[in-house]
Amino acid sequence: MELIRQSTTVTQVVLVILALLSLISWGVIFWTWTQLSTANSRAQKFAQEFDRTRKADEANSLARRTTKNAFSKLFLRAAQFISDTRAGSLRAKETAAEDTGTLPNATLTGSQLEALHLLLDAEAEEERERLGRHTPWLATIGSVSPLLGLLGTVIGVIQAFIGIATRGSGNLSAVAPGVAEGPVATAGSLAVAIPATFGYNILASRLNRFESSMERFNAAVIARFVREGQI
(Lines give C-alpha, C1' and ligand atoms only; values in the text may rest on other atoms or scores of the structure.)
Protein backbone atom coordinates (compact mmCIF):
# COMPACT_ATOMS: atom_id res chain seq x y z
CA MET A 1 0.00 0.00 0.00
CA GLU A 2 2.92 2.33 0.71
CA LEU A 3 4.30 1.71 -2.76
CA ILE A 4 0.90 2.47 -4.28
CA ARG A 5 0.59 5.72 -2.33
CA GLN A 6 4.07 6.83 -3.33
CA SER A 7 3.75 5.80 -6.98
CA THR A 8 3.20 8.28 -9.79
CA THR A 9 -0.24 9.48 -10.80
CA VAL A 10 -0.11 7.51 -14.04
CA THR A 11 0.64 4.26 -12.20
CA GLN A 12 -2.18 4.94 -9.73
CA VAL A 13 -4.57 5.52 -12.63
CA VAL A 14 -3.46 2.21 -14.17
CA LEU A 15 -4.11 0.42 -10.86
CA VAL A 16 -7.57 2.00 -10.56
CA ILE A 17 -8.43 0.86 -14.10
CA LEU A 18 -7.22 -2.65 -13.25
CA ALA A 19 -9.40 -2.67 -10.13
CA LEU A 20 -12.46 -1.69 -12.21
CA LEU A 21 -11.67 -4.38 -14.78
CA SER A 22 -11.37 -6.93 -12.00
CA LEU A 23 -14.83 -6.03 -10.67
CA ILE A 24 -16.28 -6.28 -14.18
CA SER A 25 -14.69 -9.67 -14.83
CA TRP A 26 -15.88 -11.19 -11.55
CA GLY A 27 -19.36 -9.78 -12.14
CA VAL A 28 -19.47 -11.31 -15.62
CA ILE A 29 -18.21 -14.67 -14.31
CA PHE A 30 -20.81 -14.93 -11.54
CA TRP A 31 -23.70 -13.63 -13.71
CA THR A 32 -22.96 -15.93 -16.64
CA TRP A 33 -22.36 -18.94 -14.38
CA THR A 34 -25.69 -18.36 -12.61
CA GLN A 35 -27.64 -17.85 -15.85
CA LEU A 36 -26.06 -20.89 -17.49
CA SER A 37 -26.64 -23.12 -14.46
CA THR A 38 -30.29 -22.06 -14.29
CA ALA A 39 -30.81 -22.56 -18.03
CA ASN A 40 -29.17 -25.98 -17.97
CA SER A 41 -31.17 -27.12 -14.95
CA ARG A 42 -34.51 -26.05 -16.47
CA ALA A 43 -33.64 -27.58 -19.84
CA GLN A 44 -32.66 -30.94 -18.35
CA LYS A 45 -35.84 -31.03 -16.26
CA PHE A 46 -37.91 -30.34 -19.38
CA ALA A 47 -36.00 -33.02 -21.33
CA GLN A 48 -36.85 -35.62 -18.69
CA GLU A 49 -40.55 -34.70 -18.78
CA PHE A 50 -40.44 -34.60 -22.59
CA ASP A 51 -39.11 -38.16 -22.72
CA ARG A 52 -42.07 -39.33 -20.60
CA THR A 53 -44.65 -37.91 -23.02
CA ARG A 54 -46.00 -40.31 -25.63
CA LYS A 55 -47.44 -37.96 -28.24
CA ALA A 56 -46.49 -34.63 -29.75
CA ASP A 57 -49.71 -33.08 -28.41
CA GLU A 58 -48.69 -33.95 -24.85
CA ALA A 59 -45.22 -32.53 -25.47
CA ASN A 60 -46.78 -29.39 -26.93
CA SER A 61 -48.92 -28.88 -23.82
CA LEU A 62 -45.87 -29.44 -21.64
CA ALA A 63 -43.82 -26.92 -23.62
CA ARG A 64 -46.54 -24.28 -23.37
CA ARG A 65 -46.67 -24.73 -19.58
CA THR A 66 -42.89 -24.38 -19.20
CA THR A 67 -41.78 -21.72 -21.66
CA LYS A 68 -38.88 -20.38 -19.58
CA ASN A 69 -36.28 -22.82 -20.83
CA ALA A 70 -34.35 -23.30 -24.05
CA PHE A 71 -35.69 -26.78 -24.87
CA SER A 72 -39.37 -25.80 -24.72
CA LYS A 73 -38.66 -22.81 -27.00
CA LEU A 74 -36.96 -25.13 -29.50
CA PHE A 75 -39.86 -27.57 -29.46
CA LEU A 76 -42.49 -24.84 -29.89
CA ARG A 77 -40.50 -23.31 -32.74
CA ALA A 78 -40.29 -26.68 -34.50
CA ALA A 79 -43.98 -27.36 -33.94
CA GLN A 80 -44.92 -23.94 -35.30
CA PHE A 81 -42.76 -24.44 -38.39
CA ILE A 82 -44.24 -27.87 -39.09
CA SER A 83 -47.79 -26.61 -38.57
CA ASP A 84 -47.29 -23.67 -40.93
CA THR A 85 -45.56 -25.83 -43.54
CA ARG A 86 -48.23 -28.53 -43.46
CA ALA A 87 -50.95 -25.90 -43.77
CA GLY A 88 -49.25 -24.53 -46.87
CA SER A 89 -48.88 -28.05 -48.27
CA LEU A 90 -52.57 -28.75 -47.69
CA ARG A 91 -53.54 -25.58 -49.54
CA ALA A 92 -51.28 -26.63 -52.39
CA LYS A 93 -52.89 -30.07 -52.29
CA GLU A 94 -56.36 -28.61 -52.67
CA THR A 95 -55.26 -26.36 -55.55
CA ALA A 96 -53.51 -29.24 -57.33
CA ALA A 97 -56.53 -31.47 -56.87
CA GLU A 98 -58.75 -28.88 -58.48
CA ASP A 99 -56.36 -28.21 -61.38
CA THR A 100 -54.86 -31.60 -62.18
CA GLY A 101 -56.59 -34.13 -59.98
CA THR A 102 -53.25 -35.19 -58.44
CA LEU A 103 -52.68 -35.25 -54.69
CA PRO A 104 -49.25 -33.96 -53.63
CA ASN A 105 -47.70 -35.19 -50.39
CA ALA A 106 -48.67 -33.00 -47.42
CA THR A 107 -45.60 -34.00 -45.40
CA LEU A 108 -42.35 -32.03 -45.43
CA THR A 109 -40.10 -32.28 -48.45
CA GLY A 110 -36.34 -32.70 -48.22
CA SER A 111 -35.73 -28.97 -48.60
CA GLN A 112 -38.34 -28.17 -45.97
CA LEU A 113 -36.77 -30.64 -43.56
CA GLU A 114 -33.38 -29.05 -44.17
CA ALA A 115 -34.95 -25.65 -43.50
CA LEU A 116 -36.28 -27.01 -40.19
CA HIS A 117 -32.77 -28.17 -39.25
CA LEU A 118 -31.34 -24.75 -40.08
CA LEU A 119 -34.11 -23.01 -38.15
CA LEU A 120 -33.49 -25.06 -35.01
CA ASP A 121 -29.73 -24.60 -35.30
CA ALA A 122 -30.26 -20.84 -35.54
CA GLU A 123 -32.52 -20.90 -32.47
CA ALA A 124 -29.89 -22.86 -30.52
CA GLU A 125 -27.17 -20.43 -31.60
CA GLU A 126 -29.33 -17.48 -30.57
CA GLU A 127 -29.86 -18.99 -27.11
CA ARG A 128 -26.12 -19.59 -26.77
CA GLU A 129 -25.40 -15.99 -27.76
CA ARG A 130 -27.94 -14.75 -25.22
CA LEU A 131 -26.33 -16.69 -22.38
CA GLY A 132 -22.77 -15.86 -23.39
CA ARG A 133 -23.22 -12.28 -24.57
CA HIS A 134 -20.97 -10.92 -21.79
CA THR A 135 -18.16 -13.50 -22.00
CA PRO A 136 -16.19 -11.53 -24.66
CA TRP A 137 -15.50 -9.04 -21.89
CA LEU A 138 -13.51 -11.73 -20.10
CA ALA A 139 -11.37 -12.38 -23.17
CA THR A 140 -10.78 -8.65 -23.61
CA ILE A 141 -9.89 -8.10 -19.97
CA GLY A 142 -7.61 -11.15 -19.96
CA SER A 143 -5.65 -9.82 -22.93
CA VAL A 144 -5.65 -6.09 -22.10
CA SER A 145 -4.76 -6.29 -18.39
CA PRO A 146 -1.17 -7.56 -18.93
CA LEU A 147 -0.62 -4.68 -21.37
CA LEU A 148 -1.76 -2.21 -18.72
CA GLY A 149 0.59 -3.87 -16.27
CA LEU A 150 3.40 -3.58 -18.80
CA LEU A 151 2.59 0.13 -19.09
CA GLY A 152 2.99 0.49 -15.33
CA THR A 153 6.28 -1.41 -15.44
CA VAL A 154 7.64 0.80 -18.21
CA ILE A 155 6.62 3.89 -16.28
CA GLY A 156 8.47 2.51 -13.24
CA VAL A 157 11.62 1.99 -15.29
CA ILE A 158 11.32 5.53 -16.63
CA GLN A 159 11.04 6.79 -13.06
CA ALA A 160 14.19 4.87 -12.17
CA PHE A 161 16.12 6.55 -14.96
CA ILE A 162 14.72 9.93 -13.94
CA GLY A 163 15.97 9.26 -10.41
CA ILE A 164 19.43 8.50 -11.75
CA ALA A 165 19.42 11.66 -13.85
CA THR A 166 18.14 13.82 -10.98
CA ARG A 167 20.61 12.57 -8.39
CA GLY A 168 23.47 12.11 -10.78
CA SER A 169 24.19 8.58 -9.56
CA GLY A 170 22.90 5.07 -9.99
CA ASN A 171 22.90 4.04 -6.34
CA LEU A 172 20.08 2.04 -4.77
CA SER A 173 18.26 5.00 -3.24
CA ALA A 174 17.98 6.63 -6.65
CA VAL A 175 16.60 3.69 -8.61
CA ALA A 176 14.73 1.70 -5.94
CA PRO A 177 11.45 3.69 -5.95
CA GLY A 178 10.99 3.44 -9.70
CA VAL A 179 12.04 -0.21 -9.87
CA ALA A 180 9.67 -1.11 -7.04
CA GLU A 181 6.80 0.78 -8.62
CA GLY A 182 6.89 -1.26 -11.84
CA PRO A 183 6.25 -4.77 -10.43
CA VAL A 184 3.27 -3.47 -8.43
CA ALA A 185 1.40 -2.71 -11.67
CA THR A 186 2.53 -6.01 -13.18
CA ALA A 187 1.29 -7.98 -10.16
CA GLY A 188 -2.02 -6.13 -10.27
CA SER A 189 -2.48 -6.88 -13.97
CA LEU A 190 -1.79 -10.58 -13.44
CA ALA A 191 -4.26 -10.68 -10.56
CA VAL A 192 -6.89 -9.40 -13.00
CA ALA A 193 -5.91 -11.34 -16.13
CA ILE A 194 -5.54 -14.83 -14.61
CA PRO A 195 -9.10 -15.15 -13.18
CA ALA A 196 -10.57 -13.53 -16.31
CA THR A 197 -8.78 -16.01 -18.59
CA PHE A 198 -9.76 -19.00 -16.44
CA GLY A 199 -13.35 -17.77 -16.28
CA TYR A 200 -13.58 -17.27 -20.03
CA ASN A 201 -12.25 -20.75 -20.84
CA ILE A 202 -14.49 -22.49 -18.31
CA LEU A 203 -17.62 -20.61 -19.34
CA ALA A 204 -16.89 -21.11 -23.04
CA SER A 205 -16.60 -24.84 -22.41
CA ARG A 206 -19.91 -24.92 -20.53
CA LEU A 207 -21.61 -22.92 -23.28
CA ASN A 208 -20.33 -25.37 -25.88
CA ARG A 209 -21.69 -28.30 -23.88
CA PHE A 210 -25.07 -26.60 -23.50
CA GLU A 211 -25.18 -25.89 -27.23
CA SER A 212 -24.41 -29.57 -27.91
CA SER A 213 -27.28 -30.59 -25.63
CA MET A 214 -29.61 -28.30 -27.58
CA GLU A 215 -28.49 -29.92 -30.84
CA ARG A 216 -29.21 -33.37 -29.42
CA PHE A 217 -32.63 -32.20 -28.29
CA ASN A 218 -33.33 -30.83 -31.77
CA ALA A 219 -32.60 -34.28 -33.19
CA ALA A 220 -34.94 -35.85 -30.60
CA VAL A 221 -37.72 -33.41 -31.53
CA ILE A 222 -37.41 -34.17 -35.23
CA ALA A 223 -37.35 -37.90 -34.50
CA ARG A 224 -40.54 -37.54 -32.44
CA PHE A 225 -42.36 -35.82 -35.30
CA VAL A 226 -41.07 -38.41 -37.78
CA ARG A 227 -42.37 -41.28 -35.64
CA GLU A 228 -45.80 -39.68 -35.53
CA GLY A 229 -45.87 -39.16 -39.30
CA GLN A 230 -45.95 -35.35 -39.15
CA ILE A 231 -42.74 -35.00 -41.15
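One is the number of the first residue; the rest follow in order along the sequence.
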Seminar exercise, completed: When rounded to the nearest 0.5 Å, the distance separating OG of S25 from CG of L20 is 11.0 Å

Problem set entry | Closest approach of A185 to L18 (non-hydrogen atoms, all atoms of both residues) | O-CD1, 3.9 Å

Problem set entry | Rounded distance [0.5 Å steps], CG in D57 versus CG in L62 | 12.5 Å

Exercise. Sub-3.5 Å donor-acceptor pair from the side chain of S72 to the main-chain atoms of N69, do we have one?
Worked result: yes

Seminar exercise, completed: Here the ring pair (Phe, Tyr, Trp, His ring centres under 6.0 Å) pairs for residues 13-41, sequence neighbours left out, are W26-F30, W31-H134

Exercise. Heavy-atom distance under 4.5 Å between the side chains of K73 and E123, does that happen here?
Worked result: no

Exercise. Are a donor atom and an acceptor atom from the side chains of R209 and S213 found within less than 3.5 Å of each other?
Worked result: no

Problem set entry | side-chain contact (heavy atoms from CB on, under 4.5 Å) against L151, all qualifying residues, sequence neighbours excluded | V14, I155

For this session: Find the distance between CD (E126) and CZ (R77) and round it off to the nearest 0.5 Å.
Result: 9.5 Å

Residues 137-150, side-chain donor-acceptor partners within the protein, below 3.5 Å, at least two apart:
{"unit_1": "T140", "atom_1": "OG1", "unit_2": "P136", "atom_2": "O", "d": "3.0"}
{"unit_1": "S143", "atom_1": "OG", "unit_2": "A139", "atom_2": "O", "d": "3.1"}
{"unit_1": "S143", "atom_1": "OG", "unit_2": "T140", "atom_2": "O", "d": "3.0"}
{"unit_1": "S145", "atom_1": "OG", "unit_2": "I141", "atom_2": "O", "d": "2.7"}

For this session: Indicate if V16 and V154 have the same hydrophobic cluster label, given that clusters are the connected sets of ILVMFWY residues with side-chain heavy-atom separations under 4.5 angstrom.
Result: no

Problem set entry | Value rounded to 0.5 Å, distance of OG in S189 from CG in L21 | 10.5 Å

For residues 38-46, dump all side-chain donor-acceptor pairs below 3.5 Å to protein atoms at least two apart in sequence or in another chain.
{"unit_1": "T38", "atom_1": "OG1", "unit_2": "T34", "atom_2": "O", "d": "2.9"}
{"unit_1": "R42", "atom_1": "NH1", "unit_2": "K68", "atom_2": "O", "d": "3.4"}

Exercise. Taking all atoms of both residues into account, what is the closest heavy-atom pair of L207 and G132, and its distance?
Worked result: CD1-CA, 3.7 Å

Exercise. Should side-chain heavy atoms under 4.5 Å link Ile, Leu, Val, Met, Phe, Trp and Tyr, which residues sit in the same cluster as L190?
Worked result: I194, F198

Exercise. Side chains of L74 and V221: does their closest heavy-atom pair fall under 4.5 Å?
Worked result: no

For this session: Would you confirm whether T32, through its side chain, and V28, through its main-chain N or O, come within 3.5 Å as a donor-acceptor pair?
Result: yes

For this session: Working to the nearest 0.5 Å, report the span between CG of L203 and OG of S205.
Result: 9.5 Å

For this session: Indicate the atoms forming the closest heavy-atom contact of I29 with P195, along with that distance.
Result: CD1-O, 3.7 Å

Exercise. With a 4.5 Å limit on heavy-atom distance, are the side chains of L116 and T85 in contact?
Worked result: no

Problem set entry | From CA spacing to verdict: side-chain contact (heavy atoms from CB on, under 4.5 Å), H117, I222 | CA-CA 9 Å; H117 277 285; I222 293 175; 3.2 Å; yes

Problem set entry | Partner of L131 under side-chain contact (heavy atoms from CB on, under 4.5 Å), chosen from E129, E127, R128 | E127

Exercise. Should the heavy atoms of other residues, nucleotides or ligands under 6.0 Å from CZ of R64 be counted, would the total exceed 12?
Worked result: no

Problem set entry | side-chain contact (heavy atoms from CB on, under 4.5 Å) involving A59 - partner list, sequence neighbours excluded | F50, T53, F75, R224

Exercise. For A124 and M214, which heavy atoms make the closest approach, and how far apart are they?
Worked result: O-CE, 3.2 Å

For this session: To the nearest 0.5 angstrom, please state how far the CZ atom of R206 sits from the CG atom of N201.
Result: 14.5 Å

Exercise. More than 12 foreign heavy atoms under 6.0 Å from CD of E58: is that the case here?
Worked result: yes

